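To find a chain, count down the sequence lines: A is the first, B the second, and so on, and within it residues start at 1. Because the structure is predicted, anything quoted here is derived from the model rather than measured. These values consider heavy atoms only, across backbone and side chains, with no hydrogens, waters or symmetry-generated copies.
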Number of protein chains: 2
Amino acid sequence: MEDQVQVFQEFLSRKGLKLTRPRREILDAVFGLHEHFDAPRLHQTLRGIKSDISMATIYRTLPLLEEAGLIQHSLRASSRDVYEHIYGHPLHVHWICSRCSKVQETPLNSLQDQLQKEAEGINFNLDEVNIQVRGICWKCRNSENEIQ
Amino acid sequence: MEDQVQVFQEFLSRKGLKLTRPRREILDAVFGLHEHFDAPRLHQTLRGIKSDISMATIYRTLPLLEEAGLIQHSLRASSRDVYEHIYGHPLHVHWICSRCSKVQETPLNSLQDQLQKEAEGINFNLDEVNIQVRGICWKCRNSENEIQ
DNA sequence: CCTTGTATTGAGAATCAGTCGCATCTTTCT
DNA sequence: AGAAAGATGCGACTGATTCTCAATACAAGG
């Protein structure tokens, strides 16, 4: 439990930065959410709970969390910067329905090995993988006739 | 040559819309660029060449091109809406270097088949695939020691 | 416990992308 | 040429993200 705090802490000191109250609260909020989020939503969440951390601080902290490998940019349907926390989560594929915008996730499985091989082929030091697939989910396929 | 014009033309008339001068010029500009682009860059390009098509028109046209299957949303490092034209291009993997931000592309190859299989597994009607991999490219790996 | 240098923060201004409403053109069809 | 429907440009507007800067908080040394 609270592994992510350690990770962040270590990352910060390695860079000569400090784990301050605002940073800690943002970290907690991020790992308290179990969905994708963006800066405004995070701000709302934090405000709801207790503190009034400024947008500026949130926008400053997210890149740090990303650099520390705790969160990653997620693919987005909208035009905002969307993140999700990944520490302790396996990499996955996002299946995005073009109709209802719902997002399902499945694990990478064997795809990862292949990507790894290709990475070696071009001498690329692979860090993160994001796979986004768009199409129509089964629910919408079924109700396709009604709408159109 | 100029296949994309036909495709767009047909798409438009199917929807009762017209292939106007601005739309045509945007289409040309899009297929004249051989990199990823966003609305502002497109605007700049168009301005440089000749016409003064408004941002509003560009923002209205891009979704049409997307719906026509001529371009697709690309994954982005920044916070803007980035597109690339795909008509006549095979699907590919984006290799993004976290250090120098350069983007390389490789074809999907066998990954596509696997995704297709997984799609069938969850009864998902696969349309588009975007794969983004982040890491460090060979150039940056080599010069890693110097900077740090 | 005080001092000092450095990192941080909040608030608000400033940007910038993307959207919208509307009066004015274009295109198409007759 | 005239009418109807679709398009466009302009400018206002919204909302996200960045920037600036003065005020704080913190760690280390005295």
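Closest to the side chain of A:R23, out of C:dT8, D:dT8, C:dG10, is C:dT8. Of the candidate nucleotides D:dT8, D:dA27, C:dG10, C:dG10 has the atom lying nearest to any side-chain atom of A:T57. Comparing atom distances between the A:P40 side chain and each of D:dA16, D:dA5, C:dA7 picks out D:dA16 as nearest. The side chain of B:A39 approaches C:dG18 more closely than any other nucleotide in the set C:dG18, C:dG10, D:dT17. Minimum atom distance to the side chain of B:A56 is reached by D:dG9, of the listed D:dT8, D:dG9, C:dG12.
Counting only residues at least two apart or in different chains, side-chain hydrogen bond (donor to acceptor under 3.5 Å, both in side chains) contacts with residues 8-19 of chain B comprise B:K15-B:E67.
At whole-Å resolution of the value, CD in B:Q9 and P in C:dT27 are 13 Å apart. B:Y59 has its OH atom 16 Å from the C1' atom of D:dA12, to the nearest Å. Rounded to whole angstrom, the span from the CZ atom of A:R41 across to the P atom of D:dG15 amounts to 16 Å. Between the C1' atom of D:dG9 and the CG atom of B:L46 lies a distance of 14 Å, rounded to the nearest Å. In this structure, A:R60 places its CZ atom 15 Å from C1' of D:dA16, rounding to the nearest Å. We find that CE of B:M55 is positioned 8 Å from C1' of C:dG18, with the value rounded to whole Å. Per the geometry, CD1 belonging to A:I53 stands 14 Å off P belonging to C:dT8, to the nearest Å. Taking atom CG on B:L17 and atom P on C:dT26, their separation rounds to 19 Å, with Å as the unit.
From one end of the helix from C:dC1-D:dG30 to C:dT30-D:dA1 to the other, with five pairs defining each end axis, the axis direction shifts by 30° (rounded to 10°).
A salt bridge links A:D28 to A:R24: one of the charged nitrogens lies within less than 4.0 Å of a carboxylate oxygen.
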